[in-house]
Structures are given as structure tokens and as C-alpha cells.
Amino acid sequence: MASATGSSFAISSLSSSFNPNKAYLKTSSLSIKGISFPSLRLKPAARRFSISCAAKPETVDKVCEIVKKQLALPSDSAVNGESKFIALGADSLDTVEIVMGLEEAFGITVEEENAQTIATVQDAADLIEDLIAKKC
């Protein structure tokens with residue numbers, strides 16, 4: 001039961017369970033300032049889902065190479081999608097230089113608020129593909 005004091009507003013749920021495999025309707029009654037309204041029948045909301053796709057391997061590889069170059073890491077350094085810039089020795093200035101290198105290599109512009117969310121090679125690759133897709 002939900003209620004708001006001062007406005008005499010109350011909603012009582014008459015159905016307490018929902019089985020996604022059956023098309024139940026949820027029924028509620030509404031009373032405002034002592035006036036009762038007929039029961040409201042609410043259809044269950046569709047389930048929401050999101051698809052999270054990792055960037056293409058070639059994008060991740062290209063980002064790895066740019067990170068190695070910007071940080072002057074040896075070519076045999078182990079850098080992959082899970083590599084964190086901080087763990088690779090990057091400070092905030094290095095991260096800015098990495099983002100600038102990515103912008104130049106991929107022909108994109110990374111907004112400051114997006115740049116601040118990049119912590120790993122995979123984060124960078126995913127953002128790049130998202131920005132490229134938005135350009136099209």
C-alpha cells in the first residue's frame with residue numbers, strides 16, 4: 001500500500017505477484033480525498049534489456065598499439081582489453097595524450113566527460129566504436 005500524507009492519496013495493490021510467463025493484469029484501486037475511483041487495471045511493463053557489445057578485436061588491438069606508443073612501452077608489453085591505464089603507469093597527463101592519440105587515429109572527438117570515464121583499453125575501444133557509429 002502506498003500513500004501520500006496531506007493529499008489523501010492512496011493506492012492499494014490487489015494483486016501481489018507477477019508471473020512473466022502469463023499475461024496477468026495488475027489491479028489497483030485509487031482513492032483521492034475520500035472519493036473512490038473504479039479499479040485501475042494496469043498491464044505489466046515489457047521487460048527492458050540492454051545489449052552490451054564489446055568492441056571489435058581490431059579496434060582493441062589498435063587501441064593497444066596507441067597506448068603502447070603513448071606510454072613508450074616495449075612492443076612485447078602485455079596490453080589487452082582489461083589493461084588499466086593506471087596499472088600501465090599512465091598518469092592523468094598520459095591519459096589525455098592517449099585520448100588525443102585515439103582521436104587522431106580514429107578521426108573522432110571525445111568529449112571531456114566521456115574521456116574521464118575511460119579507465120581501460122576496453123573502455124576506450126567501446127567508446128570509439130560508439131562514437132564512430134554515431135557519426136554515421
Report all side-chain donor-acceptor pairs from residues 72-80 shorter than 3.5 Å, counting only partners two or more places apart or in another chain.
from, atom 1, to, atom 2, distance (Å)
Ser77, OG, Pro74, O, 2.9
Asn80, OD1, Glu82, N, 3.0
Asn80, OD1, Ser83, N, 3.2
Asn80, OD1, Ser83, OG, 3.4

Enumerate donor-acceptor pairs with a distance under 3.5 Å from any side-chain N or O in residues 108-117 to protein atoms, sequence neighbours excluded.
from, atom 1, to, atom 2, distance (Å)
Glu112, OE2, Gln116, NE2, 3.3
Thr117, OG1, Asn114, O, 2.6

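Residues Val96 and Met100 are in side-chain contact: their nearest non-hydrogen atoms beyond the backbone lie under 4.5 Å apart.
A pairwise comparison of heavy atoms in Ala125 and Val60 identifies CB-CG2, 3.8 Å as the closest pair. Closest approach of Val121 and Cys64 over heavy atoms only: CG1-SG, 3.7 Å.
Rounded to the nearest 0.5 angstrom, Ile98 CD1 and Gln70 CD are separated by 6.5 Å. One finds the CD atom of Glu103 at 9.0 Å from the CG atom of Leu131 (value rounded to the nearest 0.5 Å). A distance of 7.0 Å separates CD1 in Ile128 from OG1 in Thr59, rounded to the nearest 0.5 Å. For the atom pair CG of Asp130 and NZ of Lys134, the computed distance is 4.0 Å after rounding to the nearest 0.5 Å.
Around atom CD of Glu58, more than 12 heavy atoms belonging to other residues, nucleotides or ligands sit under 6.0 Å away.
Under a 3.5 Å cut-off, the side chain of Thr95 and the backbone N or O of Asp91 do form a donor-acceptor pair. Side chain of Lys62 to backbone of Phe106: no donor-acceptor contact under 3.5 angstrom is found. Between the side chain of Glu129 and the backbone N or O of Lys56, at least one donor-acceptor pair lies under 3.5 Å.
The side chain to side chain contact (heavy atoms under 4.5 Å, CB included) test with Phe85 singles out one residue from Ile118, Leu71, Asp123, Asp94, and that residue is Ile118.
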Derivation and outcome, side-chain contact (heavy atoms from CB on, under 4.5 Å), residues Gln122 and Asp126
CA-CA 6 Å; Gln122 188 68 51; Asp126 291 343; 2.8 Å; yes
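Under the 4.5 Å side-chain heavy-atom criterion for ILVMFWY residues, a single connected hydrophobic cluster contains both Ile132 and Ile66.
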